[in-house]
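What follows is a set of notes on a single structure, which appears directly below.
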Protein chains: 2
Amino acid sequence: MRLLLVEDDPALGEGIRAALKPEGYTVDWLLDGLSAVHAIEQESFDLVILDLGLPRLDGLQVLKRVRSGKHQLPVLVLTARDATGDRIAGLDAGADDYLVKPFDVAELKARLRALLRRSFNRSEPLLEYRGIVLDPSSQLVTWQGQSLSLPRKEFLLLHELLVQPGRVLTRDRLQQVLYGWDEEVESNALEVHVHHLRKKFFPELIRTVRGVGYMAEKA
Amino acid sequence: MRLLLVEDDPALGEGIRAALKPEGYTVDWLLDGLSAVHAIEQESFDLVILDLGLPRLDGLQVLKRVRSGKHQLPVLVLTARDATGDRIAGLDAGADDYLVKPFDVAELKARLRALLRRSFNRSEPLLEYRGIVLDPSSQLVTWQGQSLSLPRKEFLLLHELLVQPGRVLTRDRLQQVLYGWDEEVESNALEVHVHHLRKKFFPELIRTVRGVGYMAEKA
DNA sequence: CGGCAGTCTTAACCGACCCTTAAGCACGAA
DNA sequence: TTCGTGCTTAAGGGTCGGTTAAGACTGCCG
């Protein structure tokens with residue numbers, strides 16, 4: 001589960017991040033609104049935690065930009081206690097939930113779970129590719145009449161590849177999907193996952209683009 | 001189908017109303033508890049959607065008044081997430097179902113349908129799955145010609161799983177079914193219940209989806 | 001009041017699975 | 001052939017869920 005945290009207070013940001021990592025979230029953290037917009041447009045997140053008071057581009061503007069896109073990306077907004085107007089404005093701009101600072105970490109976690117659950121129940125479409133059907137909400141795959149559950153990373157990887165067949169995904173891109181930005185893996189873990197997927201399904205499922213990355217052939 | 005909506009937040013009230021109208025419901029909307037009591041006594045509704053935090057007369061009081069009457073009017077209660085006591089109190093006062101804000105509209109619709117179906121049939125339909133028959137009204141289960149009574153939590157759990165086989169229920173979802181939204185259980189109680197069910201029936205009854213939750217295989 | 005039965009949570013332990021790592025092999029390009 | 005890149009395989013550490021038993025709590029009955 002990959003989250004984008006947009007928060008300019010270093011202490012708070014670090015705190016949130018530290019709290020969420022053990023829960024199994026991959027947390028990417030940006031400190032200003034402009035970078036956030038770019039990241040959201042180019043990467044793929046499951047949820048955004050957005051502070052409203054941000055340098056370079058205000059949180060509300062970020063929210064509006066996100067909503068103008070097609071993504072139904074859930075956004076949890078953090079507001080200062082006394083910023084009454086923010087709340088209203090945020091509602092209008094389409095935030096999915098709020099938290100007023102200072103807040104309890106347990107509360108944050110609970111709201112995240114609720115939001116993610118909602119967004120996944122929101123019938124995320126099944127993904128089909130050559131007889132393989134992915135169900136993002138349950139992390140389950142149907143293949144040759146059997147339903148099997150893939151390990152989390154394998155599912156993430158496969159999902160990323162099949163979202164848009166024919167597109168070549170660089171090694172870096174894939175590693176970001178699996179690990180986020182910082183925690184780099186300096187081994188061939190990615191290749192091992194690919195190997196497992198090829199074995200579970202069929203070898204031609206994932207084509208190697210030597211020196212670049214991997215792709216699923218356009219059907 | 002005529003519903004009474006009692007909700008003092010104008011935005012939320014309008015939202016719910018707008019969502020339900022296209023479904024063919026007639027929605028009357030009141031903003032305080034006192035008017036609600038009067039309306040319920042004098043008019044005839046098929047169901048009430050009741051917020052607990054209300055001006056003039058608290059939602060709980062409304063609920064008690066309704067229940068003291070002879071009407072078996074189904075009541076769906078809306079509660080704020082952090083209102084810890086509300087849930088328990090609401091249960092005691094006889095609400096038929098709950099929804100915690102913020103909620104998904106699809107969820108609301110689904111619960112309404114379920115409630116209305118229940119109230120019209122009076123007898124909730126038996127649930128059958130691979131030779132196991134659940135009777136929600138008596139909390140009894142028939143299995144291999146024997147009728148046995150399950151402990152409450154086990155029954156709830158099993159019922160939730162069998163309502164829609166093939167659907168994966170997250171741990172969170174199941175814990176909410178068993179415990180509600182506030183009281184967190186920081187142990188493996190859920191797994192223990194699952195274990196008991198598997199032992200009483202057969203192990204394949206409940207399939208583990210690692211990292212996600214549990215499911216009953218589609219028959 | 002005391003004991004019993006049923007329910008549920010807690011905690012410790014264990015096995016299975018997930019993921020990374022690393023070493024050796026295969027294969028394509030120069 | 002040689003080098004570089006990716007593939008294959010297996011081992012280990014960590015995490016998750018399963019299993020079991022003990023104890024708290026409740027309601028019931030003597």
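Proteins come first, then strands; the chains are lettered A, B, ... in the order of their sequence lines, and each starts at number 1.
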>> Is Arg210(A) close enough to dC27(C) that one of its side-chain N or O atoms is under 4.0 Å from OP1 or OP2 there?
In response: no
> Could you state the CD-C1' distance from Glu191(A) to dT9(D), rounded to the nearest angstrom?
Replying inline: 14 Å
>> We want to know whether Arg207(B) and Ser147(A) form a side-chain donor-acceptor pair, criterion being a heavy-atom distance below 3.5 angstrom.
In response: yes
> Expressed in angstrom and rounded to an integer, what is the separation of His195(A) atom NE2 from dT21(C) atom C1'?
Replying inline: 15 Å
> Which nucleotide in the set dT20(C), dT9(C), dC27(C) lies at the smallest distance from any side-chain heavy atom of Tyr179(B)?
Replying inline: dT9(C)
>> Strictly below 4.0 Å, N to O, side chains only: are Arg198(A) and Glu191(A) in salt-bridge contact?
In response: no
>> Nearest whole Å is fine: how far is dG28(C) C1' from Arg207(A) CZ?
In response: 14 Å
> To the nearest angstrom, how far is Leu178(B) atom CG from dT7(C) atom P?
Replying inline: 15 Å
>> Here's a test of your reading of the structure: between Glu154(A) and Ser149(B), which maps to the more 5' nucleotide of DNA chain C?
In response: Ser149(B)
> Whole-Å distance between dC7(D) P and Arg198(A) CZ?
Replying inline: 5 Å
> Which listed nucleotide (dC27(C), dT10(C), dC8(C)) is nearest to the side chain of Arg152(B)?
Replying inline: dC8(C)
>> Strictly below 4.0 Å: does Arg171(A) bring a side-chain N or O up to OP1 or OP2 of dG6(D)?
In response: yes
> Does a side-chain heavy-atom distance below 4.5 Å link Tyr214(B) with Leu157(B)?
Replying inline: no
> Distance check: side-chain N/O of Thr208(A) vs OP1/OP2 of dC7(D), anything under 4.0 Å?
Replying inline: yes
>> Using a 4.0 Å heavy-atom cut-off, does Tyr214(A) contact any base of the nucleic acid, only the sugar-phosphate backbone, or nothing at all?
In response: sugar-phosphate
> Under a 4.5 Å cut-off applied to non-hydrogen side-chain atoms, are Leu205(B) and Leu158(B) in contact?
Replying inline: yes
> Can you check the Leu148(B) CG to dA5(C) P distance for me, whole Å?
Replying inline: 19 Å
> Is Glu154(A) salt-bridged to Lys200(A), going by a charged N under 4.0 Å from an acidic O?
Replying inline: yes
>> Looking only at the side chain of Pro151(A) (C-beta and beyond, no hydrogens), which of the listed nucleotides dC19(C), dG6(D), dT20(C) gets closest?
In response: dC19(C)
>> Nearest to the side chain of His193(B), heavy atoms from C-beta on, is which of dG17(D), dT9(D), dT9(C)?
In response: dT9(C)
>> As a test of reading the structure: which of dT10(C), dT9(C), dT20(C) is closest to the side chain of Ser187(A), going by heavy atoms?
In response: dT20(C)
> What's the closest nucleotide to the Val192(B) side chain, out of dT9(D), dT10(C), dG18(D)?
Replying inline: dT10(C)
> Atom CD of Gln139(A) to atom C1' of dG17(D): distance rounded to whole Å?
Replying inline: 15 Å
>> Closest approach to the side chain of Asn188(B), judged atom by atom: which nucleotide of dC18(C), dG6(D), dA12(C) is it?
In response: dA12(C)
>> From NZ of Lys199(A) over to P of dT8(D), roughly how many Å is that when rounded to an integer?
In response: 9 Å
